[in-house]
Amino acid sequence: MVACEWTKLWSVRTAFFCLLAGLAITAVFTFYYASIARINEHPVEPVGNAAAASTVVTQFTVVVLATVAVTSEYATGTMRASLLWVPRRHRMQAAKALVAGVVAFLAGAVFAVVGTVVAWVAFDGRASFDAGTTAGQILAIGLYQAFVAVLATGVALCARHPAGALSVLVALLWALPSVLLGLGGDALAAVNDALPYGAGDHVMRVGGDAPYASGTAVLIVAAWTAAAHLTGLYVLRRRDA
């Protein structure tokens, strides 16, 4: 089942476009981030923070990839064949989530490596480099992107349509955090810290003032992912393809 889902993912050209877009966006964003820090003489920070900051945008390349992996089957009608072949729907959903998560983890790690290299050049001395810290940030970015992919899979199974799924995910991962932080205040900041990107940012970025430990942040993102996964399974079991 996993091999089948792997083949289906790469049979859709959108997957390749998403990964290429992620690389391009990472390079541009990290170069801009580091250049602004250098020009404005910001305090020296870990070079991996540029790649961590870029996930606010690059996460949506993973979101689109995972969403299309689900909704393309509903659009073409092949979901019926998939469910006839694998009647136990939780197995089909788990295979989709696993494939999307693995691809997102690897893509996120590659994005982070590329972003770190580009940022190091653009920082031009206004960033610090520690091999252990940088490696940890690369793995954290990959882990966060994997969680986002699984979360997107669950939401897509609920919505069954790319526009609906993307609307929910953009609101949850970008629009709502932006509004909460824009309005300001400790209460709204606390709400943001309980959202997937707010918690994920505390895991990926080094040197900030986090209200909880990194382990707690991982658990928060994992809880959102599990909730989306279980909700998607609930809908999948109760609605025909």
Side-chain angles (χ1 to χ4, degrees), residues 26 29-30 33-34 37 42-63 66 97-98 100-102 104-109 111-113 115-116 119 127-155 168-232:
T26 298
F29 189 102
T30 51
Y33 180 100
H42 290 175
V44 174
E45 61 182 306
V47 65
N49 279 0
S54 72
T55 57
V56 70
V57 181
T58 58
Q59 64 182 335
F60 291 107
T61 63
V62 169
V63 162
L98 178 61
V102 169
F105 175 82
L106 296 175
F111 294 166
V113 171
T116 299
S128 61
F129 174 80
D130 176 78
T133 300
T134 303
Q137 287 187 278
I138 290 171
L139 292 176
I141 292 169
L143 180 62
Y144 173 75
Q145 297 281 31
F147 278 135
V148 167
V150 178
L151 187 152
T153 301
V155 172
V168 172
L169 291 164
V170 168
L172 177 64
L173 298 173
W174 177 75
L176 185 56
S178 297
V179 170
L180 292 173
L181 293 178
L183 293 174
D186 293 339
L188 295 181
V191 174
N192 178 69
D193 290 332
L195 295 177
Y197 181 73
D201 188 58
H202 291 314
V203 178
M204 297 180 288
R205 202 185 299 254
V206 173
D209 295 327
Y212 39 62
S214 296
T216 302
V218 171
L219 290 176
I220 291 173
V221 182
W224 278 96
T225 302
H229 184 82
L230 293 174
T231 303

- Message: I'd like to check Tyr33 versus Asn49 (side-chain heavy atoms, cut-off strictly below 4.5 Å). Are they in contact?
- Response: yes
- Quick one: does Phe105's side chain get under 4.5 Å of Leu139's, heavy atoms only? yes
- Message: Whether the side chain of Asp201 engages the backbone of Ala53 through a donor-acceptor N/O pair (distance < 3.5 Å, no angle test) should be reported.
- Response: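 Checked: no pair found.
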- Can any side-chain N or O of Gln137 pair as donor or acceptor with the backbone N or O of Met204 at less than 3.5 Å? yes
- Message: For a side chain to side chain contact (heavy atoms under 4.5 Å, CB included) check, start with the C-alpha distance between Phe29 and Val56, then their side-chain angles and the critical distance, and finish with the verdict.
- Response: CA-CA 10 Å; Phe29 189 102; Val56 70; 4.2 Å; yes
- Task: Could you note down all residue pairs passing ring pair (Phe, Tyr, Trp, His ring centres under 6.0 Å) where residues 204-227 supplies at least one of them, sequence neighbours left out?
- Result: His202-Tyr212
- With sequence neighbours left out, what residues match Asp193 under salt bridge (Lys or Arg N to Asp or Glu O under 4.0 Å)?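 Salt bridge (Lys or Arg N to Asp or Glu O under 4.0 Å) list for Asp193, sorted by chain: empty.
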Which atom names give the shortest non-hydrogen contact between [X] and [Y], and what distance separates them?
| X | Y | answer |
| --- | --- | --- |
| Leu151 | Pro196 | CD1-CG, 4.3 Å |
| Phe60 | Leu173 | CZ-CB, 4.0 Å |
| Pro177 | Asn192 | CB-OD1, 3.2 Å |
| Ser214 | Val203 | O-CG2, 3.8 Å |
| Thr153 | Ala66 | OG1-CB, 3.9 Å |
| Ala51 | Ser54 | O-OG, 2.6 Å |

For residues 140-150, dump all side-chain donor-acceptor pairs below 3.5 Å to protein atoms at least two apart in sequence or in another chain.
{"residue": "Tyr144", "atom": "OH", "partner": "Gln59", "partner atom": "OE1", "Å": "2.6"}
{"residue": "Gln145", "atom": "NE2", "partner": "Thr58", "partner atom": "OG1", "Å": "3.3"}

At what distance, to the nearest 0.5 angstrom, does [atom1] of [X] lie from [atom2] of [Y]?
| X | Y | atom1 | atom2 | result |
| --- | --- | --- | --- | --- |
| Thr225 | Leu219 | OG1 | CG | 11.0 Å |
| Leu195 | Leu181 | CG | CG | 9.0 Å |
| Trp174 | Leu169 | CH2 | CG | 14.0 Å |
| Phe129 | Thr116 | CZ | OG1 | 8.5 Å |

